[in-house]
Every structure is written in C-alpha cells, then in structure tokens.
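One structure is given here, and the rest of the page talks about it.
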Amino acid sequence: MTRLAQTEGLTDIQREILSTVRDFVDKEILPVATELEHRDEYPSQIVEGLKELGVFGLMIPEEYGGLGESLLTYALTVEEIARGWMSVSGIINTHFIVAYMLKQHGTQEQKDYFLPKMAAGEIRGAFSMSEPALGSDVSAISSKGVWDGNDYVLNGQKMWLTNGGSSTLVAVLCRTDEGHPEGTAPHKSMTTFLVEKEAGFGEVRPGLTIPGKIDKMGYKGVDTTELIMDGLRIPADRVLGGTTGRGFYHMMDGVEVGRVNVAARGCGVAQRAFELGVSYAQQRHTFGKPIAQHQAIQFKLAEMATKIEAAHAMMVNAARKKDSGQRNDLEAGMAKYLASEYCKEVVEDAFRIHGGYGFSKEYEIERLYREAPMLLIGEGTAEIQKMIIGRRLLEEYRIQG
C-alpha cells in the first residue's frame, strides 16, 4: 500500500487523469489553499487551470466537446481536488450537476447550445432548490413560475446557491401550477428553468438579483448566495426538457449523483486530515519519543485509516452502480452518510493529534476542521439520508403476503 483509498480496476486513461489532477492539486492548490481560504478569496487561477485540464467537461459527452468520462472517474477526480481544498470541488460539483441534468433531460436544442460551452468552462453552472423557509422539504417550494404570453414569469427567493455569483447559468426549481389539476401532488407540479445571467452580484439580469456572498464558518472562497426573482421573464424554450411538471424528478436525479460527489469530497478531506495527522505524529515528541510511537496515537491512526478505506469503498460502489445504469439512491445515500460522518470524525482525530497547534490558523488542520461540517448537511442531511436508506431497505425486504 503506497497510500490509502486505492481503486482497483481502473483503465490506463482513468489512472492518467487522476495522476494529472493529483499533480495539479499538489502544485497549484495545496500551497495556496489556506491563504486563499483565510481571505475568502475566489480561486480564479485554480479554476482557470482546471478548465485547461478539461475538468469542467469531464462527464460531458465527446460529441459536445467533453471527455465523456464516467461518474466514477469524476468522483475520484473530486476526491483528489477536495484533498487539496474542498471549496474548489464545490465549484466543480454544481457545474457538473447542471451539465448532467442537461445531458440526461435536456432537449436537443438545449444540449447543443449549452453543453459545448459548459465543457469548455465558458458557461458555468449552479442549481437552486432550497429556499429560506424550506430546509429539506422540497415539496414546500413557494417560488412560482406563471405563464404570461410567450414567457414564464418567475417570482420567489432561493437560498444556498453554490456558485451563485460566479455562475452564468442557474437551474432553478419553481412551482408551475398551470396545466396541473387542483390537488396534484406538489412534486408533480414543479419545473426546472434554465436561467442565463451575468456573473457577479446585484441585478444580473432584469428581474434577477444576487444580493452578495453569505458569510460562512468554512467552505470559503466559493461564493454561496441567495437568488431573488421579481418578475423574471424566462422563455418557454428554457424549460428543462421542454415540459413542465418534471422538475422535481430532474433535480432528484441531479442530487443523486451530487451525493456521490459529496461522498467523494468527504473521502478527500479525510485523506488530507490523515496525511496531516500521521505526519505531525512522527514529528512531535513527548516523553522522549515521537507521539506516533504511543499506543493511543497508533489507535487513532488505525481508526482513521479504516474509516477512510470504508468510505472510499462505498463511494466507488455507488458511482459504479450509477455508471452501470442501475438505480443507486440506496448506495448513494449510504455513501454520502458514511463518508460525511467519517470525514468529521477523522478530521477531529487529526485535530486532536495536533493538540493546541490544531487550534492555530497557521496549521492546515484548522481549516479542515471548519470545512468538514458542511458535508454533514450538503445534498441532504444525515437524517434525510437515513430516511432514504430506510425506505429503500423496506422496499427490498418487504414481507410478502
């Protein structure tokens, strides 16, 4: 074993991609990540480098200018990037989810127009479900799209957009009651709108305002924002898939692959925490020897490494199942739940190994300690994952008769 979380059965192309990304992380991300994070500065140079590597088009089909790679390749790439700085993986993830939704559900015109520009990183994506009073209850969405002449008019307030300011395309979920009889289940009267906008803050197109960045405990650098629609007019050809009432299913499909991404981020952050912990334990001396030689620290390292291996294996399994065309909501939910919980625990153990120095902003583990909690809530809380897992298990193990 040269390092943790090796993946068996990869092709030469996959190994080459991952080696290239890992080199980029070591040379271009790790040396500057903590400094940029402390300044809450958007990593423009890093993003440009990833565009040149083709990461923004990793899963976009070759016919649209992408690399046409699998979800597994993408997840392993995200794992490497998150090892360097989790915020960068968030910039990629929201773009990827919108590209995936377009690839799976878009009209041919929508694919032809958006995907080549997204593969090149010219159009950058974000997606928007959550609202200030919504939480995990997607069925309670109040933002609304109403048909008016040749357009839909959108009104409402959305919350927690990653890439809200830097993106130029946002997939926005709204209620569209027209054409759906009274009493229709809420999730059957939702529509995803493809909203093009200028990058930046303030009024980025008539009727659409991005107020500014939300100040966060961690996950800095990446812009997390609100989105306010007030009479925003969207033409009918910017309804994802061309048909209203399918938005909930589009979003859930996107979130499902997004959960694999969050699991991969958890694996990457945990790996970096382990690297920092095992290195510090061999340098720090107490009672006449490196603390790595104390049994208590060895126990911690053993537990950390085992958790990383387990989370990585579940993440890889969830990605491979999706790639095979099978339903993977159970596996994705399990992977996201386990990886985010284990990430938090591994980071905390690395923090404890550092002792008082872990509390200092001069040490990288302090940044990881603030970043890990976001994974506990991103793409659905642990409680939501348990609900998904429990329901699917009851489907699988339903008593007959």
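Note that the numbering runs from 1 along the sequence shown for the chain.
- Between the side chains of Thr7 and His312, at least one donor N or O lies within less than 3.5 Å of an accepting N or O.
- By the neighbour-count criterion of 12 heavy atoms within 6.0 Å, atom CD1 of Ile214 is densely surrounded, having more than that number from other residues, nucleotides or ligands.
- Lys144 pairs by the salt bridge (charged side-chain N to carboxylate O under 4.0 Å, His left out) definition with Asp177, not counting sequence neighbours.
- A donor atom on one side chain and an acceptor atom on the other are found under 3.5 Å apart for His105 and Asp253.
- In the displayed structure, Asp112 atom CG is contacted under 6.0 Å by more than 12 heavy atoms of other residues, nucleotides or ligands.
- Heavy atoms from other residues, nucleotides or ligands lying under 6.0 Å from CD of Glu63 number more than 12.
- Lys386 has no carboxylate O lying under 4.0 Å from a charged side-chain N of Glu383, or vice versa, which leaves the two without a salt bridge.
- Remark: Asp329 engages Arg327, Arg392 in a salt bridge (charged side-chain N to carboxylate O under 4.0 Å, His left out) (not counting sequence neighbours).
- For Glu362, the CD atom sits in a loose shell: 12 or fewer heavy atoms of surrounding residues, nucleotides or ligands are nearer than 6.0 Å.
- Considering only heavy atoms from C-beta on, Thr77 stays 4.5 Å or farther from Ile92 through its side chain.
- His354 places no side-chain N or O within 3.5 Å of a backbone atom of Phe359 that could act as its donor or acceptor partner.
- Checked for salt-bridge contact, Lys158 and Glu226 miss the test: no charged N lies under 4.0 Å from a carboxylate O.
- A donor-acceptor contact under 3.5 angstrom links the side chains of Ser279 and Gln283, judged on distance only.
- A side-chain donor-acceptor contact under 3.5 Å links Lys216 and Thr224.
- Residue Gln104 qualifies as enclosed at atom CD: its count of foreign heavy atoms under 6.0 Å is above 12.
- For Arg391, the CZ atom sits in a loose shell: 12 or fewer heavy atoms of surrounding residues, nucleotides or ligands are nearer than 6.0 Å.
- No side-chain donor-acceptor contact under 3.5 Å links Gln157 and Ser143.
- Of the possible polar contacts, one joining the Arg259 side chain to the Glu379 backbone as a donor-acceptor pair under 3.5 Å is found.
- By the 6.0 Å contact criterion, CD on Glu16 is open, its count of non-hydrogen atoms from other residues, nucleotides or ligands being 12 or less.
- Side chain of Lys336 to backbone of Glu331: no donor-acceptor contact under 3.5 angstrom is found.
- In this structure, Arg352 places its CZ atom where only 12 or fewer heavy-atom neighbours from other residues, nucleotides or ligands lie under 6.0 Å away.
- For the residue pair Asp237 and Gln110, no side-chain donor N or O sits within less than 3.5 Å of a side-chain acceptor on the partner.
- Arg367 and Thr34 form a side-chain donor-acceptor contact under 3.5 Å, judged by distance and modelled atom types alone.
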From CA spacing to verdict: side chain to side chain donor-acceptor pair (under 3.5 Å), Ser142, Glu131: CA-CA 8 Å; Ser142 61; Glu131 297 181 358; 3.0 Å; yes
